[in-house]
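These numbers come from the heavy atoms of this one structure, side chains and all, not from hydrogens, waters or symmetry mates. Letters go in sequence order (proteins before strands), and every chain restarts at 1.
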Amino acid sequence: MPAKRQHWLIKSEPDVFSFSDLLGLPQRTTTWDGVRNYQARNYLREMRRGDLVFFYHSSTEPPGIAGIAEVAREAYADPTQFDHADEHFDARSKPDAPTWVAVDLRGVEALPRLVALEELRQEPALATLQLLQKGSRLSVQPVQEPAWRLIKALSKRKSRL
DNA sequence: GCCAACGTTGGC
DNA sequence: GCCAACGTTGGC
C-alpha cells in the first residue's frame, strides 16, 4: 500500500532565494541542499516524491508562506558536504556514509497571496503548527493535513490583518 | 540592530 | 556526562 502523502514546510530567506526565484528556474526545480540540522535532515529523508511543501519566506517583512512546491526527487547525498569550496563543506562527513542529504524541489504554484506569519498566529486552529511554536527554528517541518487545508483556504480569502 | 531561543562544541 | 561558551536563526 502506498504511504500516505505528507505535507511539509521549508524556510528560505527571499533575499537569498525566493519562491519567484524557484519558479524562474529551468523545470522550476532546484536542489534543496545545505541543511545542517539533524532533525531537519531526518524530515528531508522522510519526504516522498510528490509530497507538497509550503515555501516560507523568513527574515523579511512580512514573513509568511509564499507558494507551494513539490518533492521532485527524494533524499540523496548533499554534494555540498564534500565540496571544500562550499560554505556547507563538512570535513567529518565521509563519502561512503554521508551525513547530510538534499532533495529536489519543483515549484508548483504561488499562493493567491502571501499568508503572513501574523495571520497564521491569529488562527486558533493552527496553534499546534510547528512554525508557530516558541523558538521554532527548524528549516524543514511537517505540516498536518488539516493545517495545510486551512492555510490554503486562508490564501484564497482576503487577509484579515 | 537587538536579543531570545536553540543547537553544537569542547573543556573538565 | 555536565554545562558554559559560542554561533545561528529569525522575529521584532
Side-chain angles (χ1 to χ4, degrees), chain A residues 6-25 30-47 51-69 71 75-105 107-108 110-144 146-148 150-155 157-161:
Chain A
Q6 294 201 80
H7 296 97
W8 307 94
L9 179 146
I10 55 103
K11 298 178 181 175
S12 186
E13 298 186 24
D15 290 349
V16 178
F17 188 82
S18 71
F19 187 72
S20 318
D21 292 335
L22 177 60
L23 292 185
L25 292 178
T30 192
T31 295
W32 207 254
D33 57 21
V35 171
R36 292 295 180 270
N37 170 285
Y38 287 100
Q39 195 175 346
R41 177 205 64 185
N42 293 344
Y43 284 137
L44 288 180
R45 282 178 172 163
E46 289 182 32
M47 288 184 175
D51 281 359
L52 296 176
V53 184
F54 279 142
F55 196 106
Y56 177 84
H57 283 171
S58 65
S59 295
T60 188
E61 188 51 45
I65 299 171
I68 296 175
V71 177
Y76 55 97
D78 178 348
T80 65
Q81 70 198 307
F82 305 123
D83 179 357
H84 290 253
D86 194 280
E87 59 174 325
H88 299 293
F89 173 69
D90 182 353
R92 293 178 300 184
S93 185
K94 301 290 177 277
D96 57 349
T99 306
W100 307 110
V101 301
V103 298
D104 286 355
L105 294 181
V108 174
L111 292 183
R113 61 178 180 79
L114 184 108
V115 180
L117 176 62
E118 178 60 26
E119 200 180 341
L120 298 174
R121 289 196 194 285
Q122 290 181 11
E123 287 293 329
L126 295 178
T128 60
L129 192 67
Q130 197 156 343
L131 182 73
L132 302 183
Q133 304 314 302
K134 185 175 183 180
S136 167
R137 301 189 319 182
L138 260 195
S139 64
V140 181
Q141 321 179 347
V143 175
Q144 304 312 310
W148 178 274
L150 175 54
I151 292 166
K152 281 200 73 174
L154 284 178
S155 75
R157 305 204 303 249
K158 261 185 97 169
S159 174
R160 294 189 301 169
L161 292 184

A/Arg92 and A/Thr99: CA distance, side-chain angles, deciding distance, side-chain contact (heavy atoms from CB on, under 4.5 Å) verdict: CA-CA 8 Å; A/Arg92 293 178 300 184; A/Thr99 306; 6.0 Å; no
Residues in contact with DNA chain B, drawn from residues 83-103 of chain A - heavy-atom cutoff 4.0 Å: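 A/Arg92, in order of number.
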Contact list for residues 9-18 of chain A, test salt bridge (Lys or Arg N to Asp or Glu O under 4.0 Å), sequence neighbours left out: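 Listed once each, the pairs would be none.
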Working for side-chain contact (heavy atoms from CB on, under 4.5 Å), residues A/Asn37 and A/Arg137: CA-CA 10 Å; A/Asn37 170 285; A/Arg137 301 189 319 182; over 6 Å; no
Closest approach of A/Phe55 to A/Ile10 (non-hydrogen atoms, all atoms of both residues): CD1-CD1, 3.6 Å
Pairing residues for A/Asn42 by the side-chain contact (heavy atoms from CB on, under 4.5 Å) criterion, not counting sequence neighbours: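 A/Asn42: side-chain contact (heavy atoms from CB on, under 4.5 Å) contacts with A/Arg45.
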Those residues that, when tested against A/Phe89, pass ring pair (Phe, Tyr, Trp, His ring centres under 6.0 Å) (two or more places apart): A/His84
A/Tyr38 and A/Trp100 aromatic centres sub-6.0 Å: yes
Donor-acceptor pair between A/Asp21 and A/Ser18 side chains, under 3.5 angstrom: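 There is such a pair (donor and acceptor under 3.5 Å, judged by atom type) between the side chains of A/Asp21 and A/Ser18.
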Do any N or O atoms of the protein come closer than 3.5 Å to N or O atoms of nucleotides 7-12 of chain C, and which pairs are they?
residue: C/dT8; atom: O2; partner: A/Arg137; partner atom: NH1; Å: 2.6
residue: C/dG10; atom: OP1; partner: A/Lys11; partner atom: NZ; Å: 2.8
residue: C/dG10; atom: OP1; partner: A/Arg137; partner atom: O; Å: 2.9
residue: C/dG11; atom: OP1; partner: A/Tyr56; partner atom: OH; Å: 2.6
residue: C/dG11; atom: OP2; partner: A/Ser59; partner atom: N; Å: 2.9

side-chain contact (heavy atoms from CB on, under 4.5 Å) assessment of A/Leu117 paired with A/Leu132: CA-CA 8 Å; A/Leu117 176 62; A/Leu132 302 183; 3.6 Å; yes
A/Asp78 side chain to A/Gly34 backbone, donor-acceptor under 3.5 Å: yes
Enumerate the protein-to-nucleotides 1-3 of chain B contacts in which both atoms are nitrogen or oxygen and the separation is below 3.5 Å.
none

